[in-house]
Amino acid sequence: MAQAGVYGRRLGQPLQLKHAPSLITRSLRSDALAVTEIRNDNPVRDLSGSLPADDAYLVSLKFRDYDDCECWEDGRCITKSNIRSGATYLYDLKRDPRYVIDKPFHSVFFYLPRSALDDIARQSRARRIDELGYEPGIGHDDGVIRHLSAVLLEALRRPEEVNQLFVDHVMLAFTAHVARTYGGLRSVTAPARGGLAAWQARQACERLEADLRGKIPLKQIAAEFDLSVSHFSRAFRVSTGLPPHQWLLQQRVKVAKQLMAVRDLPLSEIAIAAGFANQSHFTRVFSAAVGISPALWRREMYRAPNIET
């Protein structure tokens, strides 16, 4: 199936890039939401190519200053401004946003389709968002976008280690933030604050444990309980104390500890069995969660008195 949204290759090619890594999740209507890293240290001076027209926005965080950026919309130059590292910029893909490429650049671009904004408004029982408020070439000091971009940049550089539940969670937070901050989203009623029913929490945990790799989309699990993704995520956290992706990481570590009781089982095999991408991924996550490496933890376990075998 051909890609429809403006992310990955379809975003990179008009910006002179052959490779543009991206992470993708899906809205309730199965439209893609995505984040793409764009970097070119040796660009050829030219006006960027036209991006495919779409009823969607790009939200971009800049990692590099870009002085005298000539911004275009609808075939004409509309402003020339200094782009600053750490600032957030919005682009409407219905207006053919382009700019003159004449300096190195580095950014992440979030692709946000209209359908995702409609979904978040419907879930919040709020009015449909008309348009996002922005001025071409004018940056925003947005700490939330900076934080989410930094987190996703690490994931973009280690795609084999990415937990899909984590991507779903971050992109949901991104969509809600943009809808509120730039779309004026206001809930008509306060969201429910309760947790899942006991049977729902048990079944949700079983579904997550069934695939320790975390490849099951969050919307698929939420749909099994006839809940929106945002409602399910919030209720799951109330019930378990953790959002789904963090709960799953905790289960991976738990399973790994159980497997390390088998003295001769290699750590590389334990890593895969517990849902990690590889041994280095396992070591990084386990060390962060437990405070020591898996190898050291296993040695300490075997040295401990009264150990059960």
Side-chain angles (χ1 to χ4, degrees), residues 3-23 32-114 116-117 129-150 152-153 156 174-175 177-179 181-184:
Q3 177 188 316
V6 183
Y7 56 88
R9 178 182 55 81
R10 293 188 91 204
L11 175 60
Q13 284 186 342
L15 299 177
Q16 304 181 0
L17 297 173
K18 294 181 179 179
H19 178 62
S22 61
L23 298 172
L33 291 86
V35 60
T36 303
E37 182 181 13
I38 295 295
R39 180 170 184 166
N40 191 336
D41 294 326
N42 296 289
V44 175
R45 179 181 171 84
D46 198 0
L47 180 63
S48 64
S50 286
L51 298 169
D54 197 352
D55 190 7
Y57 292 89
L58 292 175
V59 179
S60 178
L61 181 84
K62 310 303 182 184
F63 293 116
R64 200 166 190 166
D65 289 348
Y66 198 99
D67 291 337
D68 298 323
C69 182
E70 190 175 308
C71 301
W72 289 51
E73 280 192 352
D74 296 324
R76 62 188 181 89
C77 178
I78 55 172
T79 185
K80 194 171 186 178
S81 59
N82 294 329
I83 301 295
R84 289 294 169 244
S85 174
T88 295
Y89 294 81
L90 279 72
Y91 308 91
D92 187 339
L93 286 170
K94 298 189 300 297
R95 301 180 183 177
D96 188 24
R98 305 171 75 180
Y99 71 96
V100 173
I101 298 175
D102 59 0
K103 289 176 284 291
F105 55 88
H106 185 200
S107 311
V108 293
F109 282 84
F110 293 85
Y111 170 71
L112 180 60
R114 158 63 58 188
L117 292 172
I129 296 168
D130 185 18
E131 300 286 346
L132 297 184
Y134 79 100
E135 293 183 50
I138 304 300
H140 300 266
D141 182 15
D142 192 322
V144 172
I145 297 296
R146 278 199 299 274
H147 172 71
L148 296 178
S149 298
L152 288 169
L153 192 60
L156 282 161
F174 160 77
T175 304
H177 171 72
V178 170
T181 305
Y182 304 102

Under 3.5 Å, side-chain donor or acceptor atoms of residues 71-80 against the rest of the protein: list the pairs with distances, not counting sequence neighbours.
| from | atom 1 | to | atom 2 | distance (Å) |
| --- | --- | --- | --- | --- |
| W72 | NE1 | E70 | OE2 | 3.0 |
| E73 | OE2 | Y134 | OH | 2.9 |

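Distance CG/D65 to CD1/I83: 9.5 Å, rounded to 0.5 Å. To the nearest 0.5 Å, atoms CG (D46) and CD (Q16) are separated by 6.5 Å. If you take CG on L117 and CD1 on I129, they are separated by 5.0 Å, rounding to the nearest 0.5 Å. In this structure, CG in L51 is found 6.0 Å from CG in L11, a value given to the nearest 0.5 Å. To the nearest 0.5 angstrom, Y182 atom OH is 12.0 Å from L112 atom CG. Atom NZ of residue K103 and atom CG of residue D67 lie 6.5 Å apart, to the nearest 0.5 angstrom.
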Walk me through it: do H140 and I145 pass the test side-chain contact (heavy atoms from CB on, under 4.5 Å)? CA-CA 10 Å; H140 300 266; I145 297 296; over 6 Å; no

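The nearest pair of heavy atoms linking E131 to D92 is OE1-OD2, 3.8 Å. The two residues L58 and V6 have their closest heavy-atom pair at CD2-O, 3.8 Å. I38 and A20 get closest at one heavy-atom pair: CD1-CB, 3.9 Å. Shown here for T36 and S22, the closest heavy-atom pair between the two residues is OG1-CB, 3.4 Å. What you find for A116 and T175 is that their closest heavy atoms are O-CG2, 3.9 Å. Of all the heavy atoms in L61 and G86, the pair that sits closest is CD1-O, 3.6 Å.
A side-chain contact (heavy atoms from CB on, under 4.5 Å) with V35 is found for one member of L23, L148, L153 and no other, namely L23.
Under the 3.5 Å distance criterion, the side-chain polar atoms of Y66 are matched with a main-chain donor or acceptor of D102. A donor-acceptor contact shorter than 3.5 Å is absent between the side chain of N40 and the backbone of F105. In this structure a side-chain-to-backbone donor-acceptor pair under 3.5 Å is missing from S60 to F109. Remark: the backbone N or O of Y99 is paired with a side-chain donor or acceptor of S48 at under 3.5 angstrom.
Under the ring-ring contact (aromatic ring centres under 6.0 Å, His included) criterion, Y111 pairs with Y7, sequence neighbours left out. Residues that satisfy the side chain to side chain donor-acceptor pair (under 3.5 Å) test with Y89, not counting sequence neighbours, are absent from this structure. In this structure S50 satisfies the side chain to side chain contact (heavy atoms under 4.5 Å, CB included) test together with D96, R98, sequence neighbours excluded. Every residue two or more places apart in sequence or in another chain that forms a side chain to side chain contact (heavy atoms under 4.5 Å, CB included) with D141 is listed here: R146.
Residues L33 and P113 meet the side-chain proximity criterion, which asks for heavy atoms closer than 4.5 Å. At a threshold of 4.5 Å between non-hydrogen side-chain atoms, the residues V59 and F174 count as touching. A 4.5 Å side-chain heavy-atom check between V178 and F110 finds every atom pair outside the cut-off.
Sorted by first and then second residue, the salt bridge (charged side-chain N to carboxylate O under 4.0 Å, His left out) pairs with a member in residues 32-42 read E37-R157, R39-D41, D41-R64; sequence neighbours excluded.
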